[in-house]
J.: 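A single structure is presented below for examination.
Numbered from 1 within each chain, the chains take letters A, B, ... in sequence-line order. Computed over heavy atoms, backbone and side chain alike; hydrogens, waters and symmetry mates excluded.
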Number of protein chains: 2
Amino acid sequence: MTPIPGGERRRGKVTMRDVADRAGVGLATVSRVINGKPGVAAHLAERVRDAARALGYRHDVTASSLRRADRRTGTIALVLEDVANPFSSVLHRAVEDAARAESMLVLTGSSDENPERERELIDTFTLRRVDGLIVIPTGRTDAELAAVRRQGTHVVCADRLVELDQVDTVTADNREGTRAAVRRLLDLGHRRVAFLGDMASIWTARERHAGYLEAHAGRRIDERLVRREIRSADAAECAIHELLDGDDPPTAVFTAQNLLTIGAVRALQRRGLQDRVALIGFDDFPLADMLRPGISVVAQDPAEIGSIAARLLLGRIAGGGDRPARHVVVPTTYLARGSGEIPPRR
Amino acid sequence: MTPIPGGERRRGKVTMRDVADRAGVGLATVSRVINGKPGVAAHLAERVRDAARALGYRHDVTASSLRRADRRTGTIALVLEDVANPFSSVLHRAVEDAARAESMLVLTGSSDENPERERELIDTFTLRRVDGLIVIPTGRTDAELAAVRRQGTHVVCADRLVELDQVDTVTADNREGTRAAVRRLLDLGHRRVAFLGDMASIWTARERHAGYLEAHAGRRIDERLVRREIRSADAAECAIHELLDGDDPPTAVFTAQNLLTIGAVRALQRRGLQDRVALIGFDDFPLADMLRPGISVVAQDPAEIGSIAARLLLGRIAGGGDRPARHVVVPTTYLARGSGEIPPRR
DNA sequence: ACGTTTCCTGGAAACGTTTCCGAGAATGTA
DNA sequence: TACATTCTCGGAAACGTTTCCAGGAAACGT
């Protein structure tokens with residue numbers, strides 16, 4: 001129950017008016033000094049700064065953005081799938097760095113791949129009058145995104161393609177990355193390459209599947225080897241067991257997502273087949289190089305994606321918001337670690 | 001004078017005044033309806049809601065918090081070490097969930113373990129008038145945190161102990177978790193247990209080291225086995241090599257942090273000693289169970305830490321901000337996976 | 001019937017800034 | 001010296017809300 005010592009007198013209540021009075025100048029002058037605007041005599045500026053320091057003045061960014069002509073709040077928002085998942089959080093970090101460089105702050109939220117939740121987040125963020133929005137869209141919110149754009153807030157989509165006016169998109173080269181990797185397996189002599197994929201509602205999942213098909217150009221694909229709509233490591237593990245238990249099992253597996261790769265590794269290890277069945281995963285994950293064998297992956301560059309998305313957004317905020325939409329594709333890299341180099345068993 | 005409000009489609013410019021005019025009521029009434037305050041006739045409320053919908057009115061939270069009596073912005077800030085590291089991002093997610101439950105938003109920033117950067121973030125956040133602050137403190141910012149508290153913003157520290165008036169802290173049980181784990185190694189018969197630790201400026205690093213010492217109660221410790229101030233996986237890898245190259249090398253290793261554990265695993269694997277030298281790490285990491293042998297760890301619960309920190313903060317924001325500081329300790333769990341169960345070589 | 005209380009309502013005054021504008025002072029030009 | 005121009009500065013009007021307050025209508029008690 002002890003009162004806070006010192007400064008309690010007027011808790012964080014010292015305003016520009018107070019500074020002006022103490023410095024013996026007008027309110028407008030204080031504003032100019034604080035904002036570093038030119039056209040105020042050096043000795044006055046000094047007096048103002050002294051007064052501000054003496055009083056412990058703290059500029060109120062909230063109030064300031066209210067009146068400010070451009071209404072900018074110096075905040076951008078980031079709608080991720082889940083701030084805790086590695087892809088999202090690395091992207092987040094890249095965005096933070098780019099934003100900091102222009103002294104902008106970042107608000108974040110996790111949509112959990114749920115369109116309803118994504119809508120809710122977008123709504124909350126725009127109510128706060130953020131200057132811009134970077135979204136990993138669930139894919140069912142095009143209308144909302146268009147509305148946001150129309151309302152004046154800048155939007156950039158990351159990781160997944162969206163085709164909207166004045167909405168930039170930056171994605172990885174999902175299709176080509178997958179095509180090249182599956183092609184490698186075929187070139188190695190594999191004839192039965194299984195595919196494990198995520199929900200087809202997700203753009204990246206569809207692209208990767210398309211890459212798988214393209215790699216087979218001409219050849220027949222046994223549909224029983226293609227498993228989509230798999231949502232977890234456990235489900236992937238089951239799927240692998242089923243595939244291997246079937247007759248004419250695959251000699252190689254392509255897993256189109258992080259967690260699915262891990263499920264596949266687990267299944268193969270359990271059966272002691274990790275050195276017999278080839279495996280390539282999409283998206284790198286920590287420690288992939290330390291498993292036996294090392295897991296070969298098609299690595300994307302989430303930091304690069306985030307960084308480009310941020311730059312596009314900040315560009316729009318700073319300057320032309322009405323430039324046409326741009327679509328940037330970030331290449332993927334194949335990392336050969338062993339599991340993808342296993343030849344077909346003969 | 002004013003043009004008819006129906007025709008103008010000004011971009012995001014429709015204000016409460018417009019709604020009031022269209023509904024034919026006063027400004028105050030609109031405010032009451034929007035904020036769901038009681039004491040407005042049902043038919044008027046309906047008219048207001050209709051008008052708002054027709055005009056596409058969007059409530060301006062920024063302006064609203066300016067005048068609002070409690071000056072609350074509905075935002076809390078989170079200063080992490082790095083939003084991209086797993087510990088931070090899992091904690092972040094827990095905070096987000098707790099915040100969302102009270103419809104609060106979360107601003108985040110990464111300090112990179114740099115006090116200057118932490119100060120900068122704290123400063124920026126308080127300028128935005130956030131309602132509260134959760135910080136993983138670098139350990140050199142007590143003065144700033146106290147100042148923030150004095151200025152009226154609520155503060156909770158996570159992961160690392162801080163002793164300040166009215167600042168709650170929630171940490172893992174670093175010392176006891178480490179003590180018990182090292183004790184296990186000793187009980188297994190190990191007599192030379194090495195310790196790899198992070199920068200001693202970090203509270204958790206000091207605590208874990210203290211736990212290591214406590215476990216040895218009575219026994220002599222060979223100081224050459226204790227390596228502190230190690231900051232990266234690479235450095236840890238080097239340290240392990242040096243230890244093993246020395247005469248009288250350790251038969252077991254305790255790594256007091258995530259990255260150091262990974263470095264140690266790498267070093268042991270490279271020498272083919274992963275089944276001869278015991279290893280226990282502090283803090284779990286993904287895939288630890290899939291390595292050969294599985295890596296035993298002292299697991300902390302970052303989600304629980306974040307969740308408790310958020311609840312403490314939200315509690316202070318909602319109610320008594322002047323309750324005395326509370327210090328919550330979250331227990332750790334030992335996960336036996338093999339590497340910690342290797343007996344000393346005889 | 002009359003005074004009191006209670007309820008609704010809308011005008012106006014904040015909130016802490018930025019920006020507009022006009023008044024002097026200072027400088028430049030003829 | 002006179003006049004136009006530029007430069008500084010402060011008062012006052014926004015910004016979009018919430019809250020205070022006072023007035024009128026309706027409900028109540030006697």
J.: Pick base, sugar-phosphate or nothing for B:Ala20, based on heavy-atom distances below 4.0 Å to the nucleic acid.
T.: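 Contact class for B:Ala20: none.
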
J.: Let me know the distance between CE of B:Met16 and P of C:dA14, rounded to the nearest Å.
T.: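 Distance check: B:Met16 CE to C:dA14 P gives 20 Å.
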
J.: Does a side chain donor of either A:Ser110 or A:Glu81 reach within less than 3.5 Å of an acceptor in the other side chain?
T.: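 No donor-acceptor contact under 3.5 Å links the two side chains.
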
J.: Going by atom types alone, do A:Thr75 and B:Arg128 pair a side-chain donor with an acceptor below 3.5 Å?
T.: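 Looking only at side-chain atoms, B:Arg128 and A:Thr75 do form a donor-acceptor pair, the distance falling under 3.5 Å.
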
J.: Which heavy atom in B:Leu164 sits nearest to a heavy atom in B:Ala146, and how many Å separate them?
T.: CD1-N, 4.0 Å

J.: Rounded to whole angstrom units, what separation is found between the CZ atom of A:Arg67 and the P atom of D:dT17?
T.: 15 Å

J.: For the side chain of A:Leu66, starting at C-beta, report the closest nucleotide among C:dA14, C:dT18, D:dG16.
T.: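 Nearest to the side chain of A:Leu66 among the choices is D:dG16.
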
J.: Strictly by modelled atom types, are A:Glu118 and A:Thr138 linked by a side-chain donor-acceptor pair under 3.5 Å?
T.: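 Checked: A:Glu118/A:Thr138 side chains pair up, N/O donor to acceptor below 3.5 Å.
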
J.: Measure from the side-chain heavy atoms of B:Ser64 and tell me the nearest of C:dT18, D:dG16, D:dT18.
T.: D:dT18

J.: Tell me: NE2 of A:His59 to P of C:dG16, nearest whole Å?
T.: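 Between P of C:dG16 and NE2 of A:His59: 13 Å.
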
J.: Measure across B:Val155 and B:Leu313 and return the closest heavy-atom pair with its distance rounded to 0.1 Å.
T.: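 So the two residues come closest at N-CD1, 4.1 Å.
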
J.: Write down the distance between CG (A:Leu44) and P (D:dT8), rounded to a whole number of angstrom.
T.: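 The answer, rounded to whole Å, is 11 Å.
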
J.: Tell me the bend of the helix from C:dA1-D:dT30 to C:dA30-D:dT1 as the angle between end helix axes, each from five pairs, rounded to the nearest 10 degrees.
T.: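 The angle, to the nearest 10 degrees, is 40°.
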
J.: What is the minimum heavy-atom distance between B:Val14 and B:Leu55, and which atoms define it?
T.: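 Looks like CG1-O, 3.6 Å.
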
J.: Examine the side chains of A:Arg311 and A:Ser307 and answer whether a donor and an acceptor come within less than 3.5 Å of each other.
T.: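 A donor-acceptor contact under 3.5 Å links the two side chains.
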
J.: State whether B:Thr15 places a side-chain N or O below 4.0 Å from either non-bridging phosphate oxygen (OP1 or OP2) of D:dT17.
T.: yes

J.: Residues from residues 28-43 of chain A sitting under 4.0 Å of DNA chain C, heavy atoms only?
T.: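 Correct list: A:Ala28, A:Ser31, A:Asn35, A:Lys37.
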
J.: Check whether the side chains of A:Thr126 and B:Arg58 place a donor and an acceptor atom closer than 3.5 Å, and report yes or no.
T.: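 Checked: A:Thr126/B:Arg58 side chains pair up, N/O donor to acceptor below 3.5 Å.
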
J.: Between C:dC20 atom C1' and A:Arg68 atom CZ, what is the distance in whole Å?
T.: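 The distance from CZ of A:Arg68 to C1' of C:dC20 comes to 16 Å, rounded to the nearest Å.
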
J.: Can you measure B:Arg17 atom CZ to D:dC15 atom P for me and round it to whole angstrom units?
T.: 13 Å

J.: From C-beta outward on A:Val25, which listed nucleotide comes closest to its side chain: D:dA14, D:dG10, D:dG16?
T.: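 Ranking D:dA14, D:dG10, D:dG16 by closest atom to the A:Val25 side chain puts D:dG10 first.
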
J.: Rounded to whole angstrom units, what separation is found between the CG atom of B:Asp60 and the P atom of D:dC15?
T.: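 To the nearest whole Å, that distance equals 13 Å.
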
J.: Considering the options B:Ile136, B:Thr108, B:Val135, B:Leu107, which one meets the side chain to side chain contact (heavy atoms under 4.5 Å, CB included) requirement together with B:Val79?
T.: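 Going through the options one by one, the only one that passes is B:Val135.
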
J.: Between C1' on D:dT19 and CG on B:Leu27, what's the gap in Å once rounded to a whole number?
T.: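 Rounding to the nearest Å, CG of B:Leu27 and C1' of D:dT19 are 11 Å apart.
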
